[in-house]
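Let me begin by presenting the structure, written as structure tokens, before commenting on it.
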Amino acid sequence: MDHANLIVGIGGAAGDGVASAGNTLALAVARQGQGVYAYNSYQSVIRGGHSWLRLRVSAQKPLNHGDQIDALIALNQDTLDRHLQELGSGGVALYNSAKIKPSYEPPQGVQLCPLPVPELAPSSKELPVMQNTVAVGAMLRLMGLDFAGLESVISTTFAKKPKVVASNVAAAKAGFDYAGAHFQPLPRQLKPTSQKWALVTGNEVLAMSAAMADCKFYCAYPMSPASAILHWMAAHAKQLGICVRQVEDEISVINMTIGANHAGVRGMCATSGGGFALMTEAIGMAGIMETPVVAINVMRAGPSTGVPTKTEQGDLNQVFGASQGDYPRIIVAPISIPDCFAVIQDAFFLADRYQCPVLVISDLLISEGNETVDPAVFEHIREIDRGETILPSANGELPATNGEPYLRFKNTESGISPRAVPGVPGHLYVAATDEHDEDGVLISDIYTDPVRRKKMVDKRARKMSTVLEHLPPPLFSGPADAEVTLVGWGSTWGVLTEAVERLNAAGITTNHLHVRYLVPFQVREVQKLLGRSRRIIIVENNQSGQFARHLRAETGIAANGHIRKYDGEPFEPKHIVAGVQDILNGKAEIVNVLSTEPGWRTDHPSGTSADWKGRLSGIARAATH
Amino acid sequence: MDHANLIVGIGGAAGDGVASAGNTLALAVARQGQGVYAYNSYQSVIRGGHSWLRLRVSAQKPLNHGDQIDALIALNQDTLDRHLQELGSGGVALYNSAKIKPSYEPPQGVQLCPLPVPELAPSSKELPVMQNTVAVGAMLRLMGLDFAGLESVISTTFAKKPKVVASNVAAAKAGFDYAGAHFQPLPRQLKPTSQKWALVTGNEVLAMSAAMADCKFYCAYPMSPASAILHWMAAHAKQLGICVRQVEDEISVINMTIGANHAGVRGMCATSGGGFALMTEAIGMAGIMETPVVAINVMRAGPSTGVPTKTEQGDLNQVFGASQGDYPRIIVAPISIPDCFAVIQDAFFLADRYQCPVLVISDLLISEGNETVDPAVFEHIREIDRGETILPSANGELPATNGEPYLRFKNTESGISPRAVPGVPGHLYVAATDEHDEDGVLISDIYTDPVRRKKMVDKRARKMSTVLEHLPPPLFSGPADAEVTLVGWGSTWGVLTEAVERLNAAGITTNHLHVRYLVPFQVREVQKLLGRSRRIIIVENNQSGQFARHLRAETGIAANGHIRKYDGEPFEPKHIVAGVQDILNGKAEIVNVLSTEPGWRTDHPSGTSADWKGRLSGIARAATH
Amino acid sequence: MTTLTAATPRKLEVKDFKADVPPDWCPGCGDFGVLNVLQKACAELEIPPHELLVVSGIGCSSNLPGFFRSYGVHSLHGRALAFATGAKLANHRLTVIVTGGDGDGYGIGLNHFIQAMRRNINLTYIVMNNEIYGLTTGQVSPTSEPGMVTKSTPMGNLEQMLNPLALALASGCGYIARGFSGDPKHLQKLYMDGIQYPGFALIDVFSPCVTFNKQNTYHWFRDHVYRLEDKGHDPTNFHAAMDRAIEWGAKIPIGLFYRNPNPRPSLDKLDPALQGEPLVLKPRGLTAEQRRALVEEFM
Amino acid sequence: MTTLTAATPRKLEVKDFKADVPPDWCPGCGDFGVLNVLQKACAELEIPPHELLVVSGIGCSSNLPGFFRSYGVHSLHGRALAFATGAKLANHRLTVIVTGGDGDGYGIGLNHFIQAMRRNINLTYIVMNNEIYGLTTGQVSPTSEPGMVTKSTPMGNLEQMLNPLALALASGCGYIARGFSGDPKHLQKLYMDGIQYPGFALIDVFSPCVTFNKQNTYHWFRDHVYRLEDKGHDPTNFHAAMDRAIEWGAKIPIGLFYRNPNPRPSLDKLDPALQGEPLVLKPRGLTAEQRRALVEEFM
Ligand SMILES: Cc1ncc(C[n+]2csc(CCOP(=O)(O)OP(=O)(O)O)c2C)c(N)n1
Ligand SMILES: Cc1ncc(C[n+]2csc(CCOP(=O)(O)OP(=O)(O)O)c2C)c(N)n1
Ligand code: SF4
Ligand code: SF4
Ligand SMILES: [Mg+2]
Ligand SMILES: [Mg+2]
């Protein structure tokens, strides 16, 4: 690690407050101008289990959660046991010495930082989470930052409970001071800067961007990892005048959302793969009805219920194959948390302009990941352009029709037909899922006619011919004539960016192509860029190589190597670097990465599994793998 | 047309009895050893509209419905007006002269055959469909066949109503004799043979094959063009001991079917694209639970409700992309009506052996098409091999476990784990849609663990590595070193086979590759076969070239030309021949075929459509296009 | 009904609600009556066609919007209520009528039906209940009578009939009626009341399928139905309504079963975002200040 | 319950129904009670674990089969009843119990719930009704009370509660009960009766979510519930049952609401294919003669 950054690991059971401790620390450092990238690896339980949050902090904003912790906050014994051995020389381990102690010798050069929590925060007896506040205070000190940031965070968090503020601030300060007095600071120290940061999750950005893009209807059925979009929307519904509804299932979600769009408002919905499956039928409806709609699939590890709290890029086939038949639609995958903002701004624009579904593919890593974003990013809002939508006017004015009968599905050159919404005088029509003529009259009944049928399919298909003009080019960086080209899509952008840097630093010249728009595919640009590549390696977070298949289908380009991961955990930069090396060394064409850090050893209390070796303890455990 | 065959067109409004007249004629000729292929182009109305059935008859069994009628039975004025001009020299047009007459001069050499129905069948006054019987009788005579076949058909059809038999036989005989006395026989005459034929639809074959493959549970929600599978199953349920249920929606259909399979019986279900969309979530469930299930998607013209009575091959993307994540499944498309038999026999075998969903893609053309099949085909039943299924025994015997604890999802070398079903003593386990360990215990909860997760994904993926060994090779025919290679999948096999013959006859050497198994794809065989091709042209019944994309994704092979059709009507041999010529002449790389016969001109009673020219009549109408 | 536009210049007539496309139902189909009466009711209620949205699913009955002059949607099988709910929330000034069949609404769409009533979305739901799947050529429906022989139940239907009226009562629906396509005057009154009811209104209509249901024919219905109005039924009495709702035998009631004397406020009256102008007429986007405040929350 | 195998050698105990995996619910979750009592009931009923199939959907409550020793299925959210129906029809000798949550059964799965009751499939449906979506960390449920503040209704729930018992009555369900996880003895009786009832049996169980529902707590339930058995309720009286089913206020009844005194035959008793041996034990495939006859039909 040669960036001036620090990676803090915070671990505990569900219910121990891992996420909120992380959030407090992240906000505290962000308010001192530090960029943060956080990834929380948690389980599908409400209490118990092991929650493991990694927080990477640097004035130069980190793009992923990195691959080796510098500091550990262990909120329970299990965490200390699991992760102590992951620290390298110069690393620190903080824990409540009144509750836990190391089960084995720490690795060489690692500083144990026991915190006498009951002394530092007397209220921790009643309120065990006070230990987190103490630890966060201490960590801040070891990082070299000021206390002011943390105090302000605590004040805002508990704004309505001054007493709680006081006791937390006291506990944090006690931790801060204790660390100053008793422990060595971390070898690499952070320095406050004046940069302002907003600390956001991808889901929050997706929601907020929609609100800023005039989304007035949001409908959902809860599903991890998409639920937080609903929560943000619900929390802001009244204030922003957005109709936010939780309804009976994802089928009603998508149908209601399309209904709202049909009636003239911008509406959005989101879910994960299982719910998306239920939405697919209606996405085809929006296709043939030419109704705009923005629908998000936040992928998690599948198939089926799969591993609901884990990340994966395994739903590309599903989203691509949503619904029967051919119909126009656009598919885009944001590449990072800040990119969610631009993608949603564009999605609404494109949906309105092309009167078609825009399907957004996010994943758990982006959606639940927490990152600091320069607030300037959120000023890049796109002018609200409703395309050829004819809306009712408050004063009941009749829109011009030039005396011609209104044809909702007029066979225009562009394929786009002016879209009146219910309530507009003089533009009556029926929108049908059956094939219909320009006037909306069914041609699926007695009037079936190959000529009309083909005309309407062609009209709809033609719409897609100009979409490419509106898309930003695929992202390409690095030396043109590199030895290796890494190709990715979606959430792997940050980790790939760092891996490319490291590979170049290590003498393997590498460049990086990242694809955002899956449909329509920027065939020409991609072919041009990859045509020059000497060795193409595709990196994706799934087992079968869904993107590799997509790329080949669209461009004919078959990669020379693949780095894949489908164990639930996201890539870390080192995985990519090692994967590229293995491929270059001819070890494998497909490298399937596995997160095998000793910390990941599992305790299987049932003891029923064939390969369960029982709970290993101490150093022995760290050594056995 | 140089085969010794005849194509009869029968047209009328819905409710005029087009289908049953066609069926009577088909059975009558089949009982005289003639092979038949019938295609009915109808509309989504219960009464009215235009129903147009083409019946191709030949002792050498026809493989498609051909492209030019030799004889017309017009059951209403509209049909006579639409189709009279399609007849060529030597053709005949039969109609009830008491009700209709030609609106224009027939083409040169066409014989008008007015039938004085009220005289020939006095009961036609009360029973207008008697005209159909008369016409069928007359047609049989003009074809050169015997009356006996028709009499036997009428007798079986109305077996329980002797009076109806008598009056119908009399009417048919009157038509037969009248034609003999008053009209010229068709120039090409058919001759009775001793070949036995079964006249079946694809849906009937799919259903019957399932019953013969020990399918004991069939569950459905009605949806065209799959409903007839339900009807066959329901009609035979009691007699064959099959539990046949119509339930509330396709979601319950697939979940019940998987539930029945889980409990140890072979179960199947079928639907069309819209219903299939609703099934996708549970297909992924079967994938992770490793439950066998056979699910059929009978494609119709999409997107969405689309043109429900028309054919298309537009759901390949949908079936391929069914459900989130990566999971093992097999996808196969029968290439013809008789092939439905073998495909279902194999589907159940594969589903049981690989404990995974087998998705069968049929289409309206195959499923509702009517064809004579050599009954010997239905003797090729596959031995019922339940693979590694452990079933309860009637006497409650305990299956051997070798004293080891039973691991439902044992990480075997083949990836296949012995599957006990509920009711078997000593093999308790939970089957979950969450990721689970070998013993079925969830690893999605507190026990999340990348190592176990990867192990289980790999185990499931590994199952697919041996499927190819069990698949019949892709169909390849024609000269090895041909100028053109036509590539198709699914229902186009018959029309391609004829087109290839014609092209070769016309001096364009052509061969033909037809793909049955979409997943797993026979990459090596296909690459080898196509590697030798000089010019690859892909033929498919959709707009975007879904199969072409699939082929490219799997093999990297991009075709040199494409012939596509998405106007609702199936290909006819002449479309392919012309398309190939256009591509060879450099006219286009993608030829989008349109059925533009004048007969297809539409009457649009609303008059609201921009390009509607009103009802054209007589010759003028035939000329304007 | 407040109108979006200035009052229509002239009195509306039935023909104002007739589409250019003539219905293509089988001659004699009960749905003709349902359509005709609906056109009359809307004309009498003076609902401007452009402020009227008729949403259907898929089925013979669901073809209705194509024959009705207004804004129309012919959505997916079973999803009309969900689609209509979204449209109504986007523009709650529209008069929204949902039309469909028994399979559409009580089969595949049943969940939306129950939840829409619970949710009390202000629209009128007209179900053409022919106790059969018509468009798919005659399979059993959730409202088919036990023992009924259909293409999918050649040995007779083994399931009990679903009771939409009892379910509606159990789901808090405030307006519950049943009509008969063969009794148009009576039906029209139910429509007019239902459309004016300030909440979810259900009108189940016996609408014979002359082609596939040879059991529940016009004749059969005429023999069986009686009007609740003729028997002094009190439609404000929940218990009496339940008693009538479960009545199915020699006599079958039609008419107004239940009308909540104290209608619950409908969803659009409760949702804070829907107060005042409909969403579709609200100013676009957020102000710079609103946007700044949202971002501040993260800092 | 006829058994598939010879009688079990020894009397069954609660531990025979305990899986090796301990429940991972939050300490104090109502679902512990539901599970423990079910284990007791099954032991007392002497159902051999291998003849017992427990099917669930997805939710905290739906994790139950993982902690229960029997054949189990942890299917899809909302689809447990459909899955279980297929399994029951394939092997109608199995005792099938479906367990799940209010969101699972009354939200996304509502259609299957109503149709399964109408269809009268012979299984026992136990719903852990905590009036919240637990596993997804606390959103509104169809059974959440009006006004309830949740993550998805921060301004309070605007919808009326869904009434599963009234819906069950309206759908022909023959055994309808409500229990409380905090009253195990009472609950066990309901389970045992329900499992033995020869048709679809519904047991809705108040099972507090101690983490996300701070309104309907143990305390709250104890304050509100009373036992129908203590009030002389006649469970064979449909009308009385409906009266009690719609009771929700200061007092809320638990107990047996309705038991059809003349149970309708369940589906497995009616389907001709299910007479005699279960499908899974029937001989494989068709005889040559049967096959020939099928082909003959086409000739
Ligand atoms: C998802 C889906 N499943 C099945 C169908 C096929 N389908 C079309 S209409 C219909 C049922 C029609 O019955 P009903 O709603 O009672 O209307 P009716 O034709 O009797 O008026 C069905 C099953 C469909 N269009 N979509
Ligand atoms: C199709 C689908 N949509 C959404 C989800 C997410 N999900 C899992 S459990 C659940 C609701 C749980 O509520 P409930 O059934 O009441 O069970 P509880 O956790 O309260 O016991 C939801 C919405 C899912 N798994 N599948
Ligand atoms: S099939 Fe039945 S419901 Fe459909 S149009 Fe004909 S009569 Fe009406
Ligand atoms: S979240 Fe609620 S329902 Fe889920 S385990 Fe915890 S207490 Fe039980
Ligand atoms: Mg119907
Ligand atoms: Mg719940």
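Since we're looking at a predicted model, the values are computed, not measured. Below, chains carry the letters A, B, ... as their sequence lines are ordered, and counting in each starts from 1.
Heavy atoms closer than 4.5 Å to chain B are found nowhere in A:Asn297, neither backbone nor side chain. Contact of A:His436 with chain B is not made at all, since no heavy-atom distance falls under 4.5 Å. The contact between A:Ile251 and chain B is made entirely by side chain atoms (from C-beta outward), counting heavy-atom distances below 4.5 Å. At a 4.5 Å heavy-atom cutoff, A:Phe276 makes no contact with chain B through either its backbone or its side chain. Heavy atoms of A:Thr555 lying under 4.5 Å from chain B belong exclusively to its backbone. Using a 4.5 Å cut-off between heavy atoms, A:Ala548 makes no contact with chain B at all. Residue A:Arg300 does not touch chain B at all, counting heavy-atom pairs closer than 4.5 Å. Looking at A:Glu312, the atoms closer than 4.5 Å to chain B (heavy atoms on both sides) all sit in the side chain, from C-beta outward.
Salt-bridge check for A:Glu569 with B:Lys454: failed, with every basic side-chain N at 4.0 Å or more from each acidic carboxylate O. Between A:Arg552 and B:Glu554 there is no salt bridge, since no side-chain N of the basic residue sits under 4.0 Å from a carboxylate O of the acidic one.
In this structure, the side-chain hydrogen bond (donor to acceptor under 3.5 Å, both in side chains) partners of B:Glu290, at least two apart in sequence or on a different chain, are B:Lys459, B:Lys463.
Scanning both residues, B:Arg453 and A:Gly302, for their nearest heavy atoms gives NH2-O, 2.7 Å.
In terms of non-hydrogen atom pairs under 4.5 Å with chain B, the most contact-rich of A:Arg460, A:Gln318, A:Gln543 is A:Gln318.
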